[in-house]
Amino acid sequence: STSAYRSVWPDGSEHWLEAKGRGMYAADGSALRLSGTSVDVTARKHAEAALLDGKARIRAALHAASMGTWEFDLVKNVVTWSDETQALAGLAPDTFDGTFAAVRCTIHPEDWPAVNIETIAAAAERRDMLATYRTVWPDGSTHWSQSQGHGLYAADGTCVGMTGTVMDITQRKNAEAHDQL
């Protein structure tokens with residue numbers, strides 16, 4: 001079995017140890033022989049904590065900016081949206097099904113052709129994509145979004161995916177419309 005535990009060393013420093021052990025037992029369950037090893041995994045534990053802390057800070061910053069993240073794996077034809085991206089489409093967490101059709105359903109039908117053309121062109125030209133479009137929420141309301149994406153390419157230059165962000169720009173678009181009156 002494997003277990004991790006904290007240990008205080010003679011110099012007062014704390015370390016994380018991962019112990020692996022096994023034993024030989026008699027028929028009555030009593031231990032005949034126990035053996036094991038311990039490995040100092042303090043650096044790994046600190047790295048894991050820093051990664052979690054970094055992810056929490058990124059999520060807080062994205063939330064403050066009304067932004068979310070997305071990934072599109074072209075090889076597996078799977079789209080992944082962060083909880084924030086789902087919220088920007090009016091969806092509850094874990095309700096987006098990861099299909100390209102589901103993405104298309106969230107984009108206003110009049111805006112879909114431009115978004116699709118921009119995404120295809122960006123991948124073909126090996127450049128970042130930028131698209132501004134309306135989203136249609138399940139309740140029928142319309143919101144504005146701006147999405148930026150970066151292509152991921154195989155060694156042969158084939159686009160195998162995209163990753164990016166989406167931002168709610170409804171307030172900006174409403175202000176622009178008001179200024180034009």
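Here the structure is a predicted model, which means the values were calculated and not measured.
Taking CE from M129 and CD1 from I120, the interatomic distance works out to 10.5 Å, rounded to the nearest 0.5 Å. In this structure, NE2 on H150 lies 8.5 Å from CZ on R126, to the nearest 0.5 angstrom. Of the inter-residue distances, the one linking I169 atom CD1 with T132 atom OG1 reads 4.5 Å to the nearest 0.5 angstrom. One distance of note links CD of E71 with CE of M162; it measures 12.5 Å at 0.5 Å rounding. Taking CE of M67 as the reference point, atom OG of S145 lies at 11.0 Å (rounded to 0.5 Å). Rounding to the nearest 0.5 Å places OG1 of T158 at 12.5 Å from CG of L152.
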Query raised in the report: Does the side chain to side chain contact (heavy atoms under 4.5 Å, CB included) test come out yes or no for Q148 and M167, once each step is laid out?
Result: CA-CA 9 Å; Q148 293 183 257; M167 172 188 273; over 6 Å; no
Report task. Check the pair Q146, L130 against side chain to side chain contact (heavy atoms under 4.5 Å, CB included), reporting the backbone distance first and the verdict last. Result -> CA-CA 7 Å; Q146 185 170 48; L130 177 64; 3.6 Å; yes
**Report entry** Check against side chain to side chain contact (heavy atoms under 4.5 Å, CB included), L91 and T85
**Finding:** CA-CA 9 Å; L91 303 173; T85 299; over 6 Å; no
Report task. Could you walk me through whether R172 and W144 pass the side chain to side chain contact (heavy atoms under 4.5 Å, CB included) test, one step at a time? Result -> CA-CA 9 Å; R172 183 182 89 199; W144 282 94; over 6 Å; no
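Across A89 and P138, no two heavy atoms sit closer than the pair O-CD, 3.6 Å. Here the closest heavy-atom approach between residue G68 and residue S82 is recorded as CA-OG, 3.6 Å. Taking every heavy atom of both residues into account, A131 and E118 meet most closely at CB-CG, 4.5 Å. The nearest pair of heavy atoms linking T119 to V115 is OG1-O, 2.8 Å. The minimum heavy-atom distance between Y133 and S147, with the atom names listed, is OH-CB, 3.6 Å. Taking both residues in full, the closest heavy atoms of S13 and D11 are given as OG-OD1, 2.6 Å, listed atom of the first, atom of the second, then distance.
More than 12 heavy atoms of other residues, nucleotides or ligands sit less than 6.0 Å from atom CD of E176.
Between V103 and the options W70, F96, F72, a side-chain contact (heavy atoms from CB on, under 4.5 Å) holds for only F96.
At distances below 3.5 Å, not a single donor-acceptor pair connects side-chain atoms of W81 with backbone N or O atoms of A87. Looking only at distances, a side-chain donor or acceptor of T135 sits under 3.5 Å from a matching main-chain atom of H143.
In this structure, W112 has its ring center closer than 6.0 angstrom to the ring center of F100.
Looking only at side-chain heavy atoms (C-beta outward), E110 and R134 come within less than 4.5 Å of each other.
Sorted by first and then second residue, the side chain to side chain donor-acceptor pair (under 3.5 Å) pairs involving residues 95-107 (not counting sequence neighbours) are D97-T99.
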